[in-house]
Trainee: 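Take this structure first; my questions come after.
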Amino acid sequence: MDAQISFLDQLFSARVLHESGVDGIYGRSAEFEDVIARFETLALFYGKDEISEAMVFPPGMSMQDFETSGYMKSFPQLAGTVHAFCGNDHDHMGLLQCMAAGEDWSKDQKRTQVALTPAACYPLYPILAKRGALPADGAYVALQSYCFRHEPSRDPARMQMFRQREYVRVGSEDQTMAFRELWKERGQDMMKRLQLPHHVDVANDPFFGRAGKIMASGQREQELKFEMLVPITSEEKPTACMSFNYHMDNFGKAWDIRQADGSPAHTACVGFGLERLALALFRHHGLDTSRWPDGVRSALWG
Ligand code: ATP
Ligand code: ZN
Ligand code: MG
């Protein structure tokens, strides 16, 4: 590929992604969506005999549950909340005048009960908590959600709105740790089948501010997060296409999810960044899927 033209511009000119004028907000082509759907089928095949349930969530979640998650404590810089016009006729006139004058009309928007979902597994925890104590074998849920993160970038792999396909394990420490180890192996197996260069490494989340630095190094020391890294726009800084997270009993405590014996549940999740995986495939195998290597085509198209 021509290194002079950015990968993002190549994706636009090949009409794989469609520009919106805002970095990180793109339309997707049918071909791009087809790759995602087929990757999901592959990912779902690996866990099909294990899951207890599957769910799909919309891009917004309950503001109250968002608050319970503690996201604003750790990642206020990434969060997005939904605000809406809630006024009368008079207020509406003011709004339109403000817009016509090119002024900031958003100041009169009021908060709603909706926050944009920052991570696909957040809406799951309150659902499980409401059901009462878990059965002895815990819960094993497959889910998908659009997520929002306010991190505009010209790197096509860093979008503001993107989808995560996740498997979430909720139960004892042993159950969740075994789950995460298994998926680290499966993740590597999937990458081999897709013929993508990859390696797994310990990672940390971008906790905000000065206190965040300490949290990030604690997360690394305790090996709570691993990522599957694939070069997409940079060889030196490969992109996290999957993540393997162990939250200890933090979410169990935050949402009051209990194991069968009444103790707080442990949780772990494996997240597949669907757009990132599709982009990795387009980057390494070319923008025309019909010319992808046979092995890759048979892994995805059967
Ligand atoms: P990064 O370190 O690149 O910011 P992350 O650690 O924030 O990634 P997670 O919070 O673990 O990623 O999210 C789970 C998965 O969602 C990631 O492994 C990645 O594939 C995907 N993902 C995260 N942020 C983005 C984004 N801005 N655009 C597209 N996919 C993303
Ligand atoms: Zn998760
Ligand atoms: Mg991030």
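Every number for a ligand or one of its atoms is a count from 1 in the order of the listing. What you see below is based on every heavy atom in this structure, not just the backbone, and it leaves out hydrogens, waters and symmetry mates. Here the structure is a predicted model, which means the values were calculated and not measured.
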Trainee: Counting heavy atoms only, which part of M228 comes closer than 4.0 Å to ligand 1: side chain, backbone, both or neither?
Mentor: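 No part of M228 comes within reach of ligand 1.
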Trainee: What verdict does the side-chain hydrogen bond (donor to acceptor under 3.5 Å, both in side chains) test give for S290 and D288, after you've listed the backbone C-alpha separation in whole Å, the side-chain angles of each residue and the deciding distance to 0.1 Å?
Mentor: CA-CA 6 Å; S290 69; D288 179 355; 2.8 Å; yes
Trainee: Please report the closest heavy-atom contact between R220 and V202, naming both atoms and the distance.
Mentor: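 Heavy-atom minimum between the residues: NH1-O, 3.5 Å.
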Trainee: Considering only the protein, which heavy-atom contact is closest to atom 17 (C) of ligand 1, and what is its distance?
Mentor: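 Looking at atom 17 (C) of ligand 1, the protein heavy atom closest to it is A240 O, 3.9 Å.
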Trainee: Output yes when the distance from some N or O of ligand 1 to some N or O of S243 is under 3.5 Å, and no in every other case.
Mentor: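 In this structure, S243 places an N or O atom under 3.5 Å from an N or O of ligand 1.
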Trainee: Which part of A203 is near ligand 1, with near meaning a heavy atom under 4.0 Å away: side chain, backbone, both or neither?
Mentor: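 Answer for A203: neither.
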Trainee: How far apart are the closest heavy atoms of R283 and I232, and which atoms are they?
Mentor: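 Here R283 and I232 meet closest at NE-O, 2.8 Å.
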Trainee: Name the closest protein heavy atom to atom 18 (O) of ligand 1, giving the residue it belongs to and the distance to 0.1 Å.
Mentor: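 Among all protein heavy atoms, the one nearest atom 18 (O) of ligand 1 is M242 C, 3.4 Å.
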Trainee: Note the single closest protein heavy atom to atom 1 (P) of ligand 1, along with its residue, its atom name and the distance in Å.
Mentor: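 Scanning the protein heavy atoms, the shortest distance from atom 1 (P) of ligand 1 goes to R158 NH2, 3.7 Å.
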Trainee: For the residue pair R180 and W183, would you count it as a cation-pi contact if the rule is NZ or CZ under 6.0 angstrom from the ring centre and within 45 degrees of the ring axis?
Mentor: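 Because its charged atom misses either the 6.0 Å distance or the 45° angle limit, R180 does not stack over W183.
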Trainee: Around atom 8 (O) of ligand 1, find the nearest protein heavy atom and jot down its residue, atom name and distance.
Mentor: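 So the nearest neighbour among protein heavy atoms is R276 NH1, 3.5 Å.
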Trainee: Taking the six-membered ring of F207 as reference, does the cationic atom of K213 (NZ for Lys, CZ for Arg) lie under 6.0 Å from its centre and within 45° of its axis?
Mentor: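 Cation-pi check for K213 and F207: fails.
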Trainee: Measuring from the Zn ion (ligand 2), count protein N/O/S atoms under 2.8 Å, please.
Mentor: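 If we list every protein N, O or S atom nearer than 2.8 Å to the Zn ion (ligand 2), we get 4.
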Trainee: How far is atom 22 (N) of ligand 1 from the closest protein heavy atom, and which atom is that?
Mentor: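 Ranking protein heavy atoms by distance from atom 22 (N) of ligand 1, first comes F162 CE1, 3.5 Å.
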Trainee: For A133 versus Q259, what's the shortest heavy-atom pair and its separation?
Mentor: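 Of all heavy-atom pairs spanning A133 and Q259, the closest is CB-O, 3.7 Å.
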Trainee: Please tell me if the side chains of F226 and Y246 come closer than 4.5 Å, counting only heavy atoms from C-beta onward.
Mentor: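 The answer is no; the side chains never approach within 4.5 Å.
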Trainee: Could you tell me the residue and atom name of the protein heavy atom closest to atom 11 (O) of ligand 1, and the distance to it rounded to 0.1 Å?
Mentor: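 Scanning the protein heavy atoms, the shortest distance from atom 11 (O) of ligand 1 goes to K225 NZ, 2.6 Å.
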Trainee: Note the single closest protein heavy atom to atom 16 (O) of ligand 1, along with its residue, its atom name and the distance in Å.
Mentor: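 Result: Q164 NE2, 3.2 Å.
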Trainee: If you define the side chain from C-beta out and look only at heavy atoms, does anything of C86 sit under 4.5 Å from T112?
Mentor: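 C86 vs T112: side chains apart.
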Trainee: Please check if any side-chain donor atom of T68 sits under 3.5 Å from a side-chain acceptor atom of D65, or the reverse.
Mentor: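 On atom types as modelled, these side chains do not qualify, holding no pair under 3.5 Å.
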Trainee: Does E275 come within less than 4.0 Å of ligand 1, judged by its heavy atoms?
Mentor: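 No heavy atom of E275 comes that close to ligand 1.
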Trainee: If hydrogens are left out, which of Q160, R149, E227 has an atom nearest to atom 10 (O) of ligand 1, that is, the closest non-hydrogen atom?
Mentor: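 Checking each option, the heavy atom nearest atom 10 (O) of ligand 1 is found in R149.
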Trainee: Side chain or backbone, does G271 bring an N or O within less than 3.5 Å of an N or O on ligand 1?
Mentor: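 No; the residue has no nitrogen or oxygen that sits under 3.5 Å from a nitrogen or oxygen of the ligand.
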Trainee: Of the protein's non-hydrogen atoms, which lies at the shortest distance from atom 21 (C) of ligand 1, and what is that distance?
Mentor: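 Atom 21 (C) of ligand 1 sits closest to the protein heavy atom G273 CA, 3.7 Å.
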Trainee: Are any of the side-chain nitrogens in E50 or R186 under 4.0 Å away from the carboxylate oxygens of its partner?
Mentor: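 Salt bridge present between E50 and R186.
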Trainee: Of all heavy-atom pairs between K107 and C98, which one has the smallest distance, and what is that distance?
Mentor: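 So the minimum-distance heavy-atom pair works out to NZ-SG, 3.7 Å.
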Trainee: Please check if atom CG in D89 has more than 12 non-hydrogen atoms from other residues, nucleotides or ligands closer than 6.0 Å.
Mentor: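 Count not over threshold, so no.
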Trainee: Can you label the angle between the Y140 ring and the Y167 ring as parallel, tilted or perpendicular, going by 30° and 60°?
Mentor: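 It falls in the perpendicular class, over 60°.
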Trainee: So if I count the atoms of ligand 1 from 1 in the order they appear, which ones are less than 4.0 Å from some heavy atom of C241?
Mentor: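 The atoms of ligand 1 under 4.0 Å from a heavy atom of C241 are 18 (O), 20 (O).
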Trainee: Ring centres of Y125 and F251 under 6.0 Å apart?
Mentor: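 For Y125 and F251, the ring centres are under 6.0 Å apart.
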Trainee: Out of all atoms in ligand 1, which are within 4.0 Å of some heavy atom of M159? Include the element for each.
Mentor: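 Reading through ligand 1 atom by atom, the close ones are 26 (C), 27 (N), 28 (N), 29 (C).
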